[in-house]
Each structure stands twice: as structure tokens, then as C-alpha cells.
**Q** 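Structure incoming, see below.
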Amino acid sequence: MVSGDTIAAIATAMSQSGIGIVRVSGENAISIVNKIYRSKSGKKTLNHVESHTIHYGYIYDEDEMVDEVMVMVMKGPRSYTAEDTVEIDCHGGVLVVRRILETVIKNGARCAQPGEFTKRAFLNGRIDLSKAEAVIDIIHSKNEFALKNSVNQLKGSVYEKIKDIREKIIYEIAFIESALDDPEHISLDGYNDEIEEKIVDLQKETKKLYENAENGKMLKEGIKTVIVGKPNAGKSSLLNKLIGEERAIVTDIAGTTRDILEETIFLNGLGLNIIDTAGIRTTEDIVEKIGVEKAKKYANDADLIIYVVDALVPLDANDEDIIQMILDKNVIVLLNKTDMHPVITEESLKARLDKPVLSISAKENIGIDILEDTIKNMFFHGRINMNEEVFITNVRQKEAIGRADESLRMVLQSIRDGMPEDFYSIDLMSAYSSLGEVIGVEVGEDLVNKIFSDFCMGK
Amino acid sequence: MFEEFYDVVVVGAGHAGCEAALACARLGLKTIVFTVSVNSIALMPCNPNIGGSSKGHLVRELDALGGEMGKNIDRTFIQSKMLNISKGPAVHSLRAQADKEEYTKNMRMVLENQENLDIKQAEVTEILSQDGKVTGVKIYTGTVYHAKCVILCTGTYLRARCLCGEAITYTGPNGLQAANSLTDSLLSLGIEMQRFKTGTPARMDARSIDFDKMEEQKGDDRIIPFSFSTDPESVQKEQVSCFLTYTNEKTHEIIRNNLDRSPIYAGIIEGTGPRYCPSIEDKVVKFSDKKRHQVFLEPEGLSTNEWYVAGMSSSLPEDVQIEMYRTVPGLENCKIVRNAYAIEYDCIKARQLKASLEFKNIEGLFSGGQFNGSSGYEEAAAQGLIAGINAAMKILEKDPFIIDRSEGYIGVLIDDLVTKDTLEPYRMMTSRAEYRLILRQDNADIRLREKGYFIGLISQKQYDLLKQKIASIEEEVKRLESTHIGASKENQIFLANHNSTELKTSTSLAELIRRPELNYEIIALIDKDRTELPDEVKEQVNINIKYAGYIKRQLHQVEQFKKLESKKLPNDFDYKLIKGLRLEAMQKLNSYRPSSIGQALRISGVSPADISVLLVYMEQMKNNHE
């Protein structure tokens, strides 16, 4: 929000192809990138290079080389934002670009708000004033998207965990603050000893969250892939094959209902968020009905649908339902159980639904590799789009968790330094607020409300 | 028709009205203050103390700016205590028990002897205005008082009604006459009103209280005055004690059995009450797991037998009150002089005000105190002073005087009032001040006295003293940062004696002060070149060095805050014109009309994205005008 500080973002579309660019802008852009840049000889420093020059070298995250890059240094006002700007051109690849962005952030930049580069460019006079409306539109639409997606992107279990940590934190703050405001009614005697243990526990949790964010366990990022089909078409066996031992199973998802199963897998750095749904059929059973409704909803939101058809049973009204539902979606049709005696052929299916059809046997592991190739090709040829804002949102969330963790660390430091409660309750509040950013809620009057609801003030 | 002409009319002579009237008169404006009774000037109708957590900060700040409350309590207190002394310096807070009658009498004398200030006992019934500009007031006799500015400080008097169980009287506090006409006049000016409620406990006859059954609560040995102008030696005196006792299950049972007769629980009270000072009924219902609640007995003054029963405010009927109070140890035979009661009154939604406390829609009309939806004597006085100063600034054609959130609790108080929807009487709390590590009561003079001087409420002499103090603090801090001591035997022994790590290399004295186990006083022994400094200088030196890291962090946050605060927004802007703002943000912005980007961001329902949109739009506007 505040101009002047240094922001960073990924400037290129998120895809596996071509090169990726991470853009850094602001007062400390050059010095921040310099911290993670190493030239071939190891001697060059970016701090003193000419404006508008390009430098070959490597990006390092501490001692680990991340990628071979070209770094372009542009000093303000002759840059897009009219501030000092550095662009890091790297070898594309979703994971690499993101890793570089994260490294830049770790070294002092802040993740740019949606549309912030454009906003800065505008405010610094680099964009024609007549374009103000367009600039506002960009900010508006990017924010709407980020807002809608930030919470959706979190796994249910992570969301619950963060809520739980926040609840514990706000209780402690409220206790401290009510005692400070009403010392004669509420006493903090001995509290310093007891709080340390609690904060140690909480910090363990934020640290774990941060580490999980680091290796992708926190977020449902990736292509939202939904498997649909009639009951017993072989959806679950397919999922099991896809997440089989040869692949990294990232995690299972707690908090999903018993009839919807969700897994994340990676195909060559491409995240696939796979949701296995309840079989779709007309039913009077209430529990099953809810499952079916949910399956339909997921299918509707999906980036990619894998429609599994049982080759041994003729198409029926339930298949008709499914076909109607997925007509205008990205779909791969899998004709399953083709190792047995199919009554449906690829051709007959194609006639019903104009989508790629693959013959497989989930059970016998036939055709799974072709499926993977098909998915990859669809993605790299732009048939499936991943919105880069999703990625950025995730980096932002991770950054916020990092800040919360850092705040709790400072709380512990203060406690160990023997500082009084009123000092560290401020950092507790920062942690609370940062975690709020992750799940998209503002602090508002939370503290005052908590004080009054949980602690009996005097007078 | 009889007419009078003034620069400023102040309506009400409570804690807000007194400060407002004094400020205007002291700045040379012809001022009149109206009160329903001259005997109720600066009346303390509720608790018999001034200050307390965060409220003490307000009084200190008020004093730094040239207000009267701090001086008046220094003249009339009968017990004094610094609260939270075991905590950090930011939350140390001064509280003094007042002799209520003396407090009122002394303040009245200050007003009566103030040049340019007239006092008039009369109910103001109408606010006069023309073309959106205030022109004066009319009183109950029909006389018109013309004025350039009017300051409303009506406290809890507007359409007041007091409830003691089934007994309802249509009076202000202490049975004083309510003001029943003014609300209609305000409504006809288009001012949005709301109804709040607050309450007070019973007063008891000391002869009926058995103090032996209670714990004595003494004042501090060394008394620190509120006012920076008061000589500390002049306030060292004999103090009276307060006493602590507790409610019990029996008390709670009586309350529970009679809840249907409580006007609150029976639904008779319409006003919203404050959650921070709940009635004893509320405490028992909401915190049913608590076996007992504290009750403090506090004297109302030296020349009266009345004692205030803090912690047991109530609106239960008289017979239930007697029964419930008599279950408390020490109060078994108590006689009630004044019953506890709840009071309901009209006040405004303060978002109609600018930060200068002038109405956005009515030029020259200002307001302060409980009328603005706050509670507490100190909150009222602080607003009264700011409203008074700003009325004067307006007449003197100077810029409005605004304290922002990073400069004082007064800034936090007023910003909260005008930026947030207050749904209950607003009380100052230290947790509301996000920059509290730098907004301490000990440095209120350093923060604000210069401002008071430029306004004209602080004398040249006081200002010179302040500059001297600041210079010696800076000099001493510099000396300690640059004076290094080595690992001599004497120093090592000294450190060992204080459980402090021995030195490996030479280090600055400031570094030693920053060690948790040491401070400025303690290291005096190894600080050979030290010259003796006044206590208040030593205190600042110690705090500035010891907490330098925390203070620096807060100063950095303040810097960010100031950037947004300095981006001003026009008052008359129609936010509907900005495409791209979300509907909720647009409505909120149109209703609050914030004065800066910073304030806009604090309005609930306005997101950072809306602010970005706003910034872009403002930039375009600015360039179009050039």
C-alpha cells in the first residue's frame, strides 16, 4: 500500500514454457537483488552498475543455487514504475520462478498487491492519465479475483488450524490488555512463566505452517482437476494409480467430506489438485444426494474434468446427465476397463461427446502414462489456463505466515529478555493480524470484543 | 427580544464544557458557558477519581496542551497511585481519588476568575443557524445569544431519564434538571442522534460500614502530580485509604432471583450500555462462573460521610439493592444515602464530526464529551479542550488543530470516535493506541507541550523549561552512547554483583543500560563522569536507551502511518463518481467523508484495494486541475 517500500512480483504468465521474469521495484530493489545475485566470477556487485544494463549470473537462496539468470537493472525514473527496478529473467518453469520470487521476498521485498506495479507506474506519471480508468479496472478485477481465491486456495485443514491459532493468540492478548486496563481486577502475576510455554507451542505451529507452505503442502494450488463418473466406473482406482508410489503424494486433505476425496500430485512440476467425487446418479438417498450435488458443483468450478466411463456397461440416463454438465468444459474422457470385454468403443463415445477419449485400464495400469502426457500437453499448449494470480496469492499468504512466525519469535525473545507484557502483546497482535491476512479477515474490533466477552472488567 | 453577542457559546459546564470554555477565553475570545446549575460545574456524578489506565494518559496530554483538569485534581486529590508500576513504562498510569466537592468548587473558581469568560445558569433550548452555519443559541427565556461558534457539551442531560428498578425519573444525573428541548432542535438541523445508557453504584454512609472486614488500599508513598506545572513537593500530603471487599454467592443469588425487576433485563432500558463497566447484574449473568467480584469502597470527599461502592453499579429496585449490598462483608448494616441507578440519554453519532470536532454539515458548530458518544470525565475533558481550541482557531482564522493517532491518546480517542461506529459509550483503553510505546504518560510534555505553546495556551516560561529538559535528555543519551568502559576488575565485580555477564571487550554505558538486569540508576556506580540530573530527565534517559529497539520499531510504523495521513481527501467529494470502488466502500466513504487516505483505510468496509482505486482517481483529478 505504502509507496516507497520495495515490491516484487512475477511478471510473466505462469507456464512451463519460455522464460520467466521476476520484477522488483522500489527504493531497495537493486540492493535486495544484489544480496541473492552472484556473477560468474563471484565478484560483480549490482549496486554500482550503470542503469539499463544486463548481467549474467546466478540467483542463490543462501548457499543453494536456484537458477541461472539474466538480471536487468533499470534505475528510476527511467523504468516502468519510475522507481529503481530490477528484472530477473530465469528459465521459466513454474517452480523456479516462484522460488526466485520467494527468495527476493525473504531478502526484504514485499509481495506486490494485485495491480500494484501498474498503480505505481500510474502514480509516478509513467502511464498516460487518460488510462486511469483502465488502471482502476486492473486493480479492481485483480483484487476481486485475489479476494475470491485467497481463502478458497487454502486447504480446509490449514484454514481451521490458522483460525485455531488466532483464537488462542487473541485470548492471550485480551487477557494481557484487560489486566493492563483494569489492574485492580485482573492480575498478571506469574503470567510471564505460563505464557512462554504457550507461545513456544504456538510458534511451533506457525513454523510448521510456514514449512508446509514452503513445500507446497498448505495450498490447493495447481490445476483443479475433478474426476467424475457413474458409481463403480473406476474413479477411485484411477486416483490411486495417479498417486501411486512412483509419485510424491503431497498430502491427504482433512476436512473434506467422506464422499469427496482430494489429493495433490505433481507431474513434471505441474501441480494437479485432484478431486474424486461421489458417483453421479439419480438417487433418493439423502446422504448420497448431497454427495452428488457436491460433485456437480466441483465439476462446475473445475479447470479440468476427467470423465471416467465404464466400458462394460452401456451409457444410460446418468451418463447423459454428466455429458450435459461437462459439454463446455476441458474434458478428457477415459474409457476404463478396456482390458475386459467393452461394450462401448472410443468411436461411439466420441460421437456423443467431442472431447479426447483415451482407452485405459486403471486396474491394470494401462494408458495412465498417455493420460499424463495428454494433461501436460493441454496445459503447455494453453488449453488449460492457470491464473497467475492464484500463484501470487499463495506467495502472499506464505509471506504473511512468515511474518506471523517472526512476530511470535519476537514475542518469545521479549519474554526471555524479561520485558513486561505490554511490550510483547504488541507483537502478539501483529501475529494475529498477519494470520488474519492469510484467511482474508481484518482485525477490526476483535480485541475489544474479546476483552469484554471473556474478562469481567471492573468499575 | 433580548440579545447578547459573544464569540463562543459553550453549552454545558461539565468536564468537556469547562475545558472548552477555558481554552476559548484564554485564547482571548469572548466566551459564555451555560449550565443548568452553577453548583454542578465540573460535577463528578459517578466515580470519585480522575485518571486510571489510559485515562491518566489523557489527563497528562491535556495538561501538556494547556488544559485545566490535571491542575485541578492536583489541588483536590485525597489519594494518589501510579498503576501498573510493575509493567512497562508505556502502561504506567496515574490515578487519584478526588474530593468531589473540592474538585467542583475549585474548577468553578477557575472559571469564575477567568478573564473573557461568563457563566450563565440557563437551559439552552435551540441552536440557531443560517445557510449551514451556526449563528448562536436561544435559551428557555427566549433570549438569543449570537455567537461565531457554538460548542455542545451536554453530557448525559439530553432527554435524560434515570432508572432505579420500577422507579423512573426524568432527570439528569444526581436529580439535576434534564435538557428536554435541545434534541428536537438538533434533529431539525439534520443531526443523527442515538441513545446510550450508563450507570452508577450506590453511595453509603461511612458510619454504617465496617471497614475492619475489608482490605485497606493505601496510596503511593511518593506522590507524582498530574500536571507538568505542579511542583511535586507541593503535593506530598496525608492520604486517605480505599477499601476492598467482595461479593459472594449469596449476593449473586439475590441478583439472579430479581433479574425480572431489573429495567435492563426486563427490556425497559432502550439505550446501549458500556461493556467495560457492566452493572453487577451484568457481571453475574455474563460471568456466571465467577464466584465473587471485587468491590472497592472509595471516599467521596473529606467533608462528607458518603462512600462510593465501586464495582456494584446497578439499576435494580431499591429493596433489592439494600438486600444485595448487605450480603457483602463489611456492608451487613449499610445504609444507602443515594441509590444506584442507570441513566439513559441522547447523544450523536460522532462520524458526523471532523477530527477538529466541528460538524461536517454545520459550520461553526462543535461538540465534545459524552454528547459525542464517549464516557468518562477524562475522555470528555480531552474532547472539550480540542473542540474549544478548534472553535478558537476557526474564529482566529487559523488551521484546525488535530492530534493524530501517533501523537497522543487524544488523537486515538477522537479518531476512533469520528471513524468508527460507536455502538456503546466509548472508553479509552491502552490497547486502542497502536503506538503506545511512544505515547507514554511520562513524555506527554515532550510530545505535546510545544503544540500547546504555538496554540497559545502554554506560556513562554513553560516552553523554555521544556526545551531545556529536552536538551539535557538528548545530551545525556549521547554521552551514554559514546562513553565506553573496559573490562576492568572493578567493572567486572560490579557486573557480577548484579548477575550480569562480564565484559569481554569494551562496551558503551548505553549497552549496559539495555541489559534486562541493569538500568540507568544501577550503573551510576561505574559511570564516573555522571552529573546529577533532575528525576524527570533521568527517567526519560533510561526509557529512551533501554527500550530503544522497541521505540525505533514503533517510530518506523509511525512513519508509514504519516505517509497515508498526509494524503488529504476533499470534504465535499461524491464517491459515487469513482467507478471501481466496491458498493460498500462507496457508501461508507460517502457517509464518513474521511479527511485523509489514512482515515479512509480505517473505516470498516473500505479495503486496501479501494484505497488503491481512490489514489489513482485522486491523482487523475489533481492533474486535471493543473
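Please read these numbers as outputs of a predicted model, since none were measured by experiment. Quick note on labels: first sequence line is chain A, next is B, and so on, each numbered from 1.
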**Q** Checking heavy atoms, do the side chain of B:R95, its backbone, both or neither come under 4.5 Å from chain A?
**A**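 Side chain of B:R95 only, per the 4.5 Å heavy-atom cut-off to chain A.
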**Q** Taking atom types as modelled, find out whether A:T85 and A:R120 have a side-chain donor-acceptor pair closer than 3.5 angstrom.
**A** no
**Q** Which atoms of A:E445 come close to chain B, meaning under 4.5 Å heavy atom to heavy atom: side chain ones, backbone ones, both, or neither?
**A**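 Looking at A:E445, just its side chain touches chain B.
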**Q** Parallel, tilted or perpendicular: which one describes the rings of A:H185 and B:F296, with boundaries at 30° and 60°?
**A** perpendicular
**Q** Give, as side chain, backbone, both or neither, the part of B:K81 having an atom under 4.5 angstrom from any heavy atom of chain A.
**A**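 Only the side chain of B:K81 comes within 4.5 Å of chain A.
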**Q** Less than 4.0 Å between a side-chain N and a carboxylate O, is that true for A:E167 and A:K450?
**A**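 A salt bridge is present here (some side-chain N lies under 4.0 Å from a carboxylate O).
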**Q** Count the heavy-atom pairs under 4.5 Å between each of B:P516, B:S279, B:G88, B:S93 and chain A, then report the option with the highest count.
**A**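 Winner by heavy-atom pair count: B:G88.
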**Q** Under 4.5 Å from any heavy atom of chain B, what part of A:M429 do you find: side chain, backbone, both or neither?
**A**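 Neither the backbone nor the side chain of A:M429 comes within 4.5 Å of chain B.
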**Q** For the candidates A:G125, A:P183, A:S178, which exhibits the highest count of non-hydrogen atom pairs separated by less than 4.5 Å from chain B?
**A** A:P183
**Q** Give, as side chain, backbone, both or neither, the part of A:L180 having an atom under 4.5 angstrom from any heavy atom of chain B.
**A**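 Its backbone and side chain both get close to chain B.
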**Q** Side chain, backbone, both or neither: which part of B:S604 has a non-hydrogen atom closer than 4.5 Å to chain A?
**A**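 For B:S604, there is no contact with chain A at all, as no heavy atom is under 4.5 Å.
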**Q** Which bit of B:K87 comes within less than 4.5 Å of chain A, counting heavy atoms only: side chain, backbone, both or neither?
**A**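 Backbone plus side chain of B:K87, per the 4.5 Å heavy-atom cut-off to chain A.
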**Q** Checking A:I451 against chain B: side chain, backbone, both or neither under 4.5 Å from a heavy atom?
**A**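 Contact with chain B involves the side chain of A:I451 alone.
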**Q** For a quick check under 3.5 Å, do B:R515 and B:S500 share a side-chain donor-acceptor pair by atom type?
**A**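 A pair is found: one side chain offers a donor N or O, the other an acceptor, under 3.5 Å apart.
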**Q** Walk me through whether B:K562 and B:E559 qualify under side-chain contact (heavy atoms from CB on, under 4.5 Å).
**A** CA-CA 5 Å; B:K562 291 267 190 191; B:E559 218 175 281; 5.9 Å; no
**Q** Ignoring hydrogens and geometry beyond distance, is a side-chain donor-acceptor pair present between B:S607 and B:D610 at under 3.5 Å?
**A**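 Yes, B:D610 and B:S607 have a side-chain donor paired with an acceptor closer than 3.5 Å.
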**Q** Given a strict heavy-atom distance threshold of 4.5 Å, which part of A:N192 is in contact with chain B: side chain, backbone, both, or neither?
**A**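 The answer is neither part of A:N192.
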**Q** Which atoms form the tightest heavy-atom contact between A:I195 and A:E172, and what is the distance?
**A**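 Looking at all heavy atoms of both residues, the closest pair is CD1-OE1, 3.6 Å.
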**Q** Do A:Y171 and A:F455 have ring centroids that are under 6.0 Å from one another?
**A**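 Ring-ring flag for A:F455/A:Y171: true, centres closer than 6.0 Å.
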**Q** What part of A:I173 gets within 4.5 angstrom of chain B, counting heavy atoms only: side chain, backbone, both, or neither?
**A** neither
**Q** Scan side-chain atoms only and decide if B:E281 and B:S314 contain a donor-acceptor pair under the 3.5 Å cut-off.
**A** yes
**Q** Does any backbone or side-chain atom of B:K55 lie under 4.5 Å from a heavy atom of chain A? Answer side chain, backbone, both or neither.
**A** neither
**Q** Just jot down the ring-ring contact (aromatic ring centres under 6.0 Å, His included) partners of A:F117, sequence neighbours excluded, or say none.
**A**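 For A:F117, no residue satisfies ring-ring contact (aromatic ring centres under 6.0 Å, His included) once neighbours in sequence are set aside.
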**Q** Under a 4.5 Å cutoff for heavy-atom pairs, which residue among B:R553, B:K420, B:Q554, B:M428 has the most contacts with chain A?
**A** B:R553
**Q** Heavy-atom distance under 4.5 Å to chain B: side chain of A:S453, backbone, both or neither?
**A** backbone
**Q** At a heavy-atom separation under 4.5 Å, does B:E424 approach chain A through its side chain, its backbone, both, or neither?
**A** side chain
